[in-house]
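This report concerns only the one structure given below.
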Amino acid sequence: MMDMEPMVPLEALDPGTGDPGYWSRFHDSVMRSAGPALALRRQARRVTIAEVLAAWSRLVVPVSVMAAALLAFVIVTLESESERPMPLLGIEEFLAPVWEDRAEPLPAFLHSESPPDRDAVLFAVEGF
Amino acid sequence: MSDSSHLSDGELVGLARSGDRAAFATLVRRYGRAAYSVAYSVTGRHEDAEDGAQEAFVVALQRLDECRKPDRFAGWFLTIVRNRARNLIRRERLREGDPLPFGLESGMDGPERWVETVELRGRLRAALGELSEVQREVVLLHDMEGWKHREIAERLEMPSGTIRSHLHYARKRLRELLSTDAGVKPEEKLG
């Protein structure tokens, strides 16, 4: 079986043979070389988060300002409305425009060609 | 620094994408030796293998967003290693050849042992040079790094039977070459 074949002694090719610190130095050397690339990746990650927050604030701040301005306008408007005195109307003044709108002046009524009914006559008289 | 050695490749890649140093360090520890082996199988030289493996890690980090299947990081990464190693060879060929031998590292044992190691490395390197690139890669990952057939198959994205076949022929060829080369026994180890 092939698995039972004796291994070829290739340890001599392992630079760690006879030099126990070799792989540690190799590791350190790779990590030194990789330092800038790792730092760039960390920085890119931070920038991404900052960009997300910035983008979020770019949307939220104007909307908040607009909402605050709108709310302020509404409050000021309501306050000015509440400070204005309500006009006092008598019952006749209150109803008069209604009667005036609905009732035809008596001369117009008298010259009308359509035959008057009882309600219309009463209405015209009252309105006049 | 948090311990991320228990995390899967996919999880580590996700963290490394956001610049997590510990996650990337774990990937380096997990695949550093394999990267060296693959680069060595291409270049056949320690210095180039070391440079290729190290460069490949940095390139992989820069291109990490292109790794579409993070759980299959190993296969993706070892392809980068292979390509970097090939680029190094092309660059070397453009320069004046300066065939430095293996093993000028500091911290080696005594001079006799050093000579022995350098000699053995020279023979192994010559023997490996007789294999195809993929055979070198498989035999180095299996016999030097200790990866299992299944791991090599998954990470190189090759059928397990193909891996076994490459390993079988690579070992057979290496034994032939080493047994006829200055009386070196294949089982000889640097005890």
Side-chain angles (χ1 to χ4, degrees), chain A residues 1-70, chain B residues 16-21 24-25 28-29 32-33 35-37 40 46 49-50 53-55 57-58 61-62 64 102-103 105-109 113-114 116-121 123-125 127-128 139-140 142-145 149 164-165 167-168 170-172 174-175 178 185-190:
Chain A
M1 190 147 174
M2 278 185 276
D3 284 332
M4 301 304 288
E5 286 178 341
M7 290 172 68
V8 179
L10 295 173
E11 300 90 351
L13 295 178
D14 182 345
T17 300
D19 182 8
Y22 177 82
W23 288 112
S24 175
R25 292 198 305 277
F26 176 92
H27 179 270
D28 293 346
S29 174
V30 171
M31 292 310 292
R32 264 196 308 279
S33 304
L38 283 168
L40 272 176
R41 285 189 171 275
R42 282 193 296 273
Q43 195 178 14
R45 187 179 166 217
R46 277 197 295 270
V47 166
T48 304
I49 292 169
E51 280 176 350
V52 168
L53 290 174
W56 182 73
S57 68
R58 273 197 294 274
L59 177 70
V60 166
V61 168
V63 168
S64 303
V65 168
M66 284 175 64
L70 189 65
Chain B
R17 276 177 177 164
S18 56
D20 189 305
R21 191 177 172 82
F24 185 70
V28 174
R29 265 191 297 275
R33 297 167 65 94
Y36 176 88
S37 294
Y40 187 87
H46 165 71
E50 186 180 66
Q54 292 192 359
E55 281 180 22
F57 273 113
V58 178
L61 178 61
Q62 288 165 346
L64 212 49
F102 288 108
E105 302 89 349
S106 59
M108 298 288 288
D109 296 335
R113 179 69 176 274
W114 181 81
E116 184 187 330
T117 304
V118 170
E119 284 176 357
L120 181 56
R121 281 177 176 173
R123 288 197 292 276
L124 285 170
R125 190 175 67 179
L128 283 167
V139 77
L140 284 168
H142 192 279
D143 287 359
M144 192 165 89
E145 300 310 325
H149 295 109
R164 286 173 187 275
S165 174
L167 184 63
H168 173 69
R171 281 171 166 176
K172 188 180 168 190
L174 284 176
R175 271 193 226 98
L178 292 171
K185 293 173 186 171
E187 289 77 19
E188 177 186 345
K189 296 194 178 185
L190 298 171

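Note that the structure is predicted; figures quoted are calculated from it, not measured.
Put simply, CG on Asp14(A) and OH on Tyr40(B) are 11.5 Å apart, with the number rounded to the nearest 0.5 Å.
Shown here are the salt bridge (charged side-chain N to carboxylate O under 4.0 Å, His left out) partners of Arg41(A), two or more places apart in sequence or in another chain: Asp65(B). Here Asp143(B) pairs with Arg171(B) under the side-chain hydrogen bond (donor to acceptor under 3.5 Å, both in side chains) rule; sequence neighbours left out.
Put simply, of Leu64(B), Leu140(B), Leu61(B), Val58(B), the one with the most heavy-atom pairs under 4.5 Å next to chain A is Leu61(B).
When heavy atoms are compared at a cutoff of 4.5 Å, Glu55(B) does not approach chain A at all. For Ala170(B), no part lies under 4.5 angstrom from a heavy atom of chain A.
Annotation: side chain of Met144(B) is not in contact with side chain of Arg33(B) (no heavy-atom distance under 4.5 Å).
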